[in-house]
Structure formats: structure tokens, C-alpha cells
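Here is the structure we will look at, set down as C-alpha cells.
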Amino acid sequence: MQKLGDFKLPHFFNYPPYFTLQPVRETREKQIQLWKELILDYCRIQKIFVIRLEEEFPLFSNSVVERTLSHEAREAFLSALVAEGRAEWLDKGRRNCLILWHRIQEWADIIVNFVKDNGFEDSVMTVEEIRSGIESRGTELQGIDRTILVRALKLLEHKGKLAIFKGTSTDDEGVKFSV
Amino acid sequence: MSNFFSKAEVTSSGRPVLLRNEVECHLLSAVDLEPEDHRHFSLLKSGLLILTTHRLIWLPSLSASTPTSASAIPLAAISHIFSSKKSLKSVFHSPRIRFQVLVSSDGRVFDPGSESGSSSGSGSRSVVVTAVIRGKGDCDGFLVKFWDSWRARAWEATETSDSGSASASGSGAATGTGGGLYSSDGSVRMVGVAGILRKEQEMWESTDKSLQDAFQDLNALMSKAKEMVMLAEKMRQKLLSGTSSQTSGTNDEDMGSKEEMQDWLLSVGIISPVTKESAGALYHQQLSRQLADFVRIPLERAGGMINLIDAYCLFNRARGTELISPDDMLQACSLWEKFDVPVMLRKFDSGVMVIQNKSHSDEEVFARIKSLVTKPEALLTGISPTDAAMTLGIAPAMAKEHLLTAEIKGLLCRDISPDGFRFYINLFPEIDPCNMYFVKNYGICSTWIKAVSTTG
């Protein structure tokens with residue numbers, strides 16, 4: 001089985017037509033499905049949160065069969081993820097895509113569990129501490145993309161589970177939990 | 001009322017029959033000829049006046065209500081031509097040419113050629129005739145020519161040469177060297193400066209005349225053409241309305257005459273719009289059958305399918321002459337579905353049109369493609385249209401159409417790369433997105449994996 005770093009690639013990754021955007025509707029739909037799953041899996045395991053279309057992305061090239069996804073194909077697959085709510089375009093030019101291999105709601109749940117597991121129900125923490133503090137090591141929250149984290153926190157704030165406030169330093173926000 | 005003027009002979013298309021050596025010099029349109037004493041004599045109204053070297057010919061206009069026959073006045077009968085008087089009255093009137101004509105004993109114009117016209121018969125009476133020119137012609141120019149022709153007396157030279165040639169041929173040549181502007185055979189002699197000038201003038205005159213004649217004919221042609229087009233349109237409308245109101249009571253006779261009508265229109269170059277709806281004009285039907293027969297052999301050679309454009313070229317080349325247009329070709333092929341012929345026209349999704357045998361089966365072609373594309377080498381590198389062409393025994397362009405059709409059916413997938421445009425067997429249907437790493441034991445995927453892994 002081929003590997004891309006630590007990631008195990010499926011057998012059809014070496015099937016050359018997989019890298020050509022198929023014109024026939026039924027075939028294309030299947031192809032898109034497969035790419036969606038593959039992208040999400042790969043990003044989750046490699047902890048990749050953003051894909052930049054104009055940069056090289058290891059998943060989009062296969063040196064064994066010497067094929068690379070065209071820009072059109074990349075955009076097609078990522079747009080399919082966006083349509084499903086598993087990704088978001090960060091800019092109007094569709095050059096950068098935020099990958100939500102966990103949906104925002106799922107992240108919110110993970111945060112709530114994290115808070116409960118560590119007894120932070122009434123505590124105060126900075127946003128940065130949530131993603132890089134000692135407690136988050138080994139959890140999914142370690143190294144989480146800041147944009148995603150803030151979005152999840154805002155969702156929780158909306159539900160009344162916490163409150164976000166400006167911290168002492170100008171660039172850091174703090175969170176008061178009331179889970 | 002007796003006819004004052006001599007009768008002029010006219011051809012069936014209304015042109016005057018000229019005497020021997022008679023040459024037309026000038027003409028004027030819309031001319032009335034009024035003999036002075038027209039209580040007794042007929043008045044010729046609004047005709048064409050032609051001046052020749054021998055006569056003044058008057059032709060009735062085509063739109064004359066009363067049929068008047070063509071008339072003529074021999075120049076020999078003219079005793080005097082009056083010069084045009086420019087008076088105050090003449091400014092407001094149509095220009096007039098007046099001349100005096102000798103009258104024979106029977107009261108008609110003296111005709112030197114007829115029986116009544118002998119030297120003794122030319123009486124002393126004369127009548128003044130006025131030609132009223134109502135048309136736009138060059139009246140002064142006509143008058144000048146009139147003078148010239150009358151003075152030249154071409155008819156006399158003709159007479160002498162006629163009588164001369166009866167006696168001895170040699171004497172004719174002898175009299176030719178005689179003096180005078182006209183040579184023995186009646187043509188004008190070109191001598192000296194006068195001759196050169198005369199030649200120039202004659203050239204101008206003949207050009208002028210032929211232009212006038214040409215435009216006469218052209219005008220006639222144009223009016224006839226207009227009539228023709230209107231008639232053809234009426235026919236067309238009738239045909240169109242006839243087929244749209246299709247009642248069950250149309251009998252065979254009607255259909256037959258309608259077809260004839262269509263053929264007639266087609267031969268004149270007017271393509272009937274009803275052709276597509278009805279069984280088609282006879283011409284297209286025959287062409288269609290001929291084409292079906294012809295295309296059999298090329299089809300066999302090409303493996304059962306041939307590009308329409310190729311067939312068109314082959315067919316026209318075989319015909320040699322009477323080439324058909326691309327439109328005719330299309331029509332002929334479209335008619336096949338109405339007949340029982342073993343060939344058919346087929347249009348692929350890409351727009352390419354081919355002729356193929358009715359017995360041709362897509363399924364059979366796909367089966368052959370499938371077996372080709374599941375060979376170990378093809379599993380690894382796919383197939384190109386050329387590979388398919390060689391296996392199927394058809395042209396690469398046709399093979400590509402088949403591959404594209406197979407792709408649409410979900411049998412194949414395309415692979416576009418710097419290596420070119422290739423096709424692989426379609427593995428996608430077998431893969432489950434929820435279980436991507438799972439491979440069915442005896443499916444095409446496992447075959448593919450085996451083929452791929454053996455080569456490393």
C-alpha cells in the first residue's frame with residue numbers, strides 16, 4: 001500500500017483517470033465523492049486545516065503514475081466539500097480553503113468535553129492556552145487552527161456556555177467558561 | 001381605310017427583316033407617323049422608328065391596343081426632307097421631322113421594289129409625312145443620319161450590283177471601282193479622311209445601336225423575369241397551403257400533380273419547402289436510393305462505419321459530373337429512414353455524423369472494446385483511439401467516437417495527460433466511498449490491482 005507520509009493511500013490513487021476530471025455525470029459524481037473522503041481523511045490525520053490551491057499539496061500529485069490534478073479539478077473537489085459544509089473558502093478568489101474535517105459543532109463539543117475533563121467549568125483561559133497549553137497536548141485541540149477555534153468558541157458563547165472578552169494584551173482574547 | 005405605307009416584314013420576335021445589305025442606322029421610340037392627308041390615310045401612333053440605309057421602318061409598340069402591322073417607307077420614295085424649324089412653338093411641342101414622300105397612282109407610298117413601282121408609275125403627287133417624336137431619343141442626330149442615308153442612296157448601289165451579278169461576275173468587280181461613297185456590294189467605301197471619319201462614326205453608331213438593342217431586350221427580359229418569379233411564388237404558396245390542409249380526401253391525382261409541380265420548381269432552382277414533410281421530391285428519393293446502393297462497398301471496407309464527409313467525397317468522385325451539394329447529401333440520407341435500406345445515418349453526441357449498417361450493433365462494439373481494455377497492458381496504460389482503431393478495423397476518428405460513446409455509457413474513463421488522450425476501464429462503480437480501502441475479491445478492481453502490482 002502506498003503511503004504519503006504516515007497516511008495510507010487507497011489503491012485507486014494509482015488509477016490515472018482518478019486525476020482527470022471526468023465529464024460523464026455519473027462517473028464524475030463518484031470521482032468527487034472519493035476525492036472528498038480522501039481529502040478529509042488526509043487532512044484529519046495530518047492535521048491540515050487550510051489548503052492553498054496555488055501551492056503544492058502532496059495529495060494532489062502522484063509521482064508513481066506521473067499525474068497531477070489540474071486547478072479546475074482541485075477547485076471542483078473543494079467546492080464540493082464547501083457545498084457539503086465540510087469546508088469554507090477563505091477568500092473570494094477561491095485560492096484558500098478552510099477544511100472542516102470536524103464541523104464547527106463537533107469542535108464545540110470537543111471543547112466542552114475538554115473543559116469538563118479538566119475541570120475548567122468556571123475557569124478563565126486564553127484562546128492561545130486552549131490550543132497550545134499543557135492540558136491540550138495529546139488532544140485534538142492541540143494545534144487547532146485559530147480561526148476554527150474562535151468560531152467554535154463563538155458558537156458556544158451564543159449558547160451561553162462561555163463568554164469571550166478582550167485580554168490584557170492587545171492580541172489575545174480570553175474565555176470564561178460557564179459550562 | 002387603306003394602308004398608306006408599305007408593309008414591312010417582321011420576324012416572330014418582332015424584329016424587322018432587313019433587305020440585303022440593309023443596315024440599321026438609328027432608331028427613335030414613341031414616334032407617330034402622320035401623313036398630311038390623314039383623312040384618307042391611316043395614322044401610325046407611338047411606335048418604334050428605325051432608320052436604315054434603305055428604308056424608314058415603323059414598328060408598332062408591344063402594348064399597342066389595335067394590332068397594327070409593321071410599316072416601311074423606302075428612302076427611294078422620299079423626295080425631300082425638311083430642315084427642322086426652331087420656333088417658339090417647337091419648344092413646347094414634341095420635336096418633329098417632316099419629309100415629302102412620292103405617292104404612286106394607287107395613292108400609297110411609292111415602292112420601287114413592288115410591282116406598282118416602275119419608273120413610269122412614280123407619279124408627280126407627293127404627300128408630306130410628319131414624324132412626331134414623343135420619346136426621349138436624339139432627334140437631331142436622327143435627322144442628320146436621315147439626311148446622310150437618304151443622300152447616300154444605298155439602294156441604288158444594291159440594284160446595280162444585283163443586275164450586274166446576274167450577267168457576269170466579273171463585271172461586278174469592275175463596277176466596284178466606280179466612284180461614289182458606296183462600293184458595288186452596297187457597303188460604304190472607306191477612302192481618305194472622309195473614310196476614316198466615316199469609319200469612326202459607324203463604329204459609334206453600331207455601338208450605340210447595339211447598346212440600345214441590348215437594353216431593349218434587357219428590359220423585356222426583366223419584366224418577364226419578374227412575372228416568372230411571381231408565378232413561381234404563387235405555385236409555392238399553393239403547394240404549401242395544399243399540404244398543410246391535409247384532408248383524407250386527397251386523391252392520387254392531386255398528389256401526382258403536386259409532385260410534378262415540385263419537380264418542376266426544383267428544376268428551375270426553387271427548392272420546395274414541402275419536401276421535408278412529404279415523401280420528398282422524386283429527385284431526392286432517387287438520389288437516396290442510389291446513395292444507399294453506392295455506399296455499401298465503402299462501408300464494408302471501412303468496417304461498417306464511415307464518416308459522412310468521407311462518403312460525400314467518395315460519392316461525388318464516383319459521379320464525376322452532376323455533383324450533389326452537401327445539402328442534397330443530407331436530405332438523401334435523411335430519407336433512408338422512410339425506405340427499407342440496410343444503411344442509416346447516425347449522429348454522435350460530439351456532432352460527428354456517420355453512415356453505418358443497420359445491422360451494426362453498438363453492443364458488439366462495446367464488447368470488443370471491453371475485451372481490449374481489460375488486457376493486462378491496457379489495464380496498466382489504457383488505450384488510445386489508434387489502438388482501438390487497429391483492433392476494431394475502423395478509422396481512428398470513428399474509433400474515437402466509439403470510445404467516447406463507451407465513456408458516456410460508463411464503460412470507460414478518460415485520462416488526459418502529457419502522454420495524450422487515453423481511455424481506461426471504468427473502476428469507479430466498484431469503489432465504495434464509505435469503505436475506500438476495501439477491494440472486492442473477483443471484481444475488476446482486483447484484476448486491475450493484480451495487473452498493476454505484477455509490473456511493480
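What you see is a predicted model; the values in this text were computed from it and never measured. Chain letters run A, B, ... following the sequence lines, proteins first and then strands; every chain starts at 1.
The minimum heavy-atom distance between B:Tyr437 and A:Leu9, with the atom names listed, is CE2-C, 3.7 Å. The nearest pair of heavy atoms linking B:Tyr424 to A:Pro16 is OH-CG, 3.4 Å.
Within 6.0 Å of CZ on B:Arg296 lie no more than 12 heavy atoms contributed by other residues, nucleotides or ligands. Crowding of A:Glu26 atom CD: a count of heavy atoms from other residues, nucleotides or ligands under 6.0 Å not exceeding 12. Residue-environment remark: CG (B:Leu330) exceeds the threshold of 12 foreign heavy atoms within 6.0 Å. Counting non-hydrogen atoms of neighbouring residues, nucleotides and ligands closer than 6.0 angstrom, the CG atom of B:Asp340 reaches no more than 12 such neighbours. By the 6.0 Å contact criterion, NZ on B:Lys440 is open, its count of non-hydrogen atoms from other residues, nucleotides or ligands being 12 or less. For B:Lys358, the NZ atom counts as densely surrounded, since its 6.0 Å shell holds more than 12 non-hydrogen atoms of other residues, nucleotides or ligands. The environment of B:Gln290 atom CD is dense: over 12 non-hydrogen atoms of other residues, nucleotides or ligands sit within 6.0 angstrom. A 6.0 Å sphere centred on NZ of B:Lys370 holds no more than 12 heavy atoms belonging to other residues, nucleotides or ligands.
Contact annotation for B:Ile425: only backbone heavy atoms (N, CA, C, O) come within less than 4.5 Å of a heavy atom of chain A. Contacts between A:Phe19 and chain B at a heavy-atom distance below 4.5 Å are absent for every atom of the residue. Heavy atoms of B:Ile449 lying under 4.5 Å from chain A belong exclusively to its side chain. B:Phe423 does not touch chain A: none of its heavy atoms, backbone or side chain, sits under 4.5 Å away.
Rounding to the nearest 0.5 angstrom, the gap separating the CG atom in B:Leu412 from the CD atom in A:Gln22 is 10.0 Å. Atom CZ of residue B:Phe421 and atom OG1 of residue A:Thr20 lie 9.0 Å apart, to the nearest 0.5 angstrom. Of the inter-residue distances, the one linking B:Asn426 atom CG with A:Gln31 atom CD reads 10.0 Å to the nearest 0.5 angstrom. We find the OG1-CG distance between A:Thr27 and B:Leu427 to be 11.0 Å, quoted to the nearest 0.5 Å. Taken from CZ in A:Phe13 to CE in B:Met436, the straight-line distance is 11.0 Å, to the nearest 0.5 Å. Taking CD from A:Gln33 and SG from B:Cys434, the interatomic distance works out to 7.0 Å, rounded to the nearest 0.5 Å.
Below 30°, between 30° and 60°, or above 60°: for A:Tyr15 and B:Trp448 the angle between ring planes is above 60°, a perpendicular geometry.
Side-chain contact check for B:Pro433 versus A:Lys30: some heavy-atom pair is nearer than 4.5 Å. For the pair A:Glu66/B:Ser417, no side-chain contact is recorded, criterion being any heavy-atom separation below 4.5 Å from C-beta on. Here the side chains of A:His11 and B:Val452 are not in contact, with every heavy-atom distance at 4.5 Å or above. Put simply, the side chain of B:Glu407 reaches to within 4.5 Å of the side chain of A:Pro23, judged on heavy atoms.
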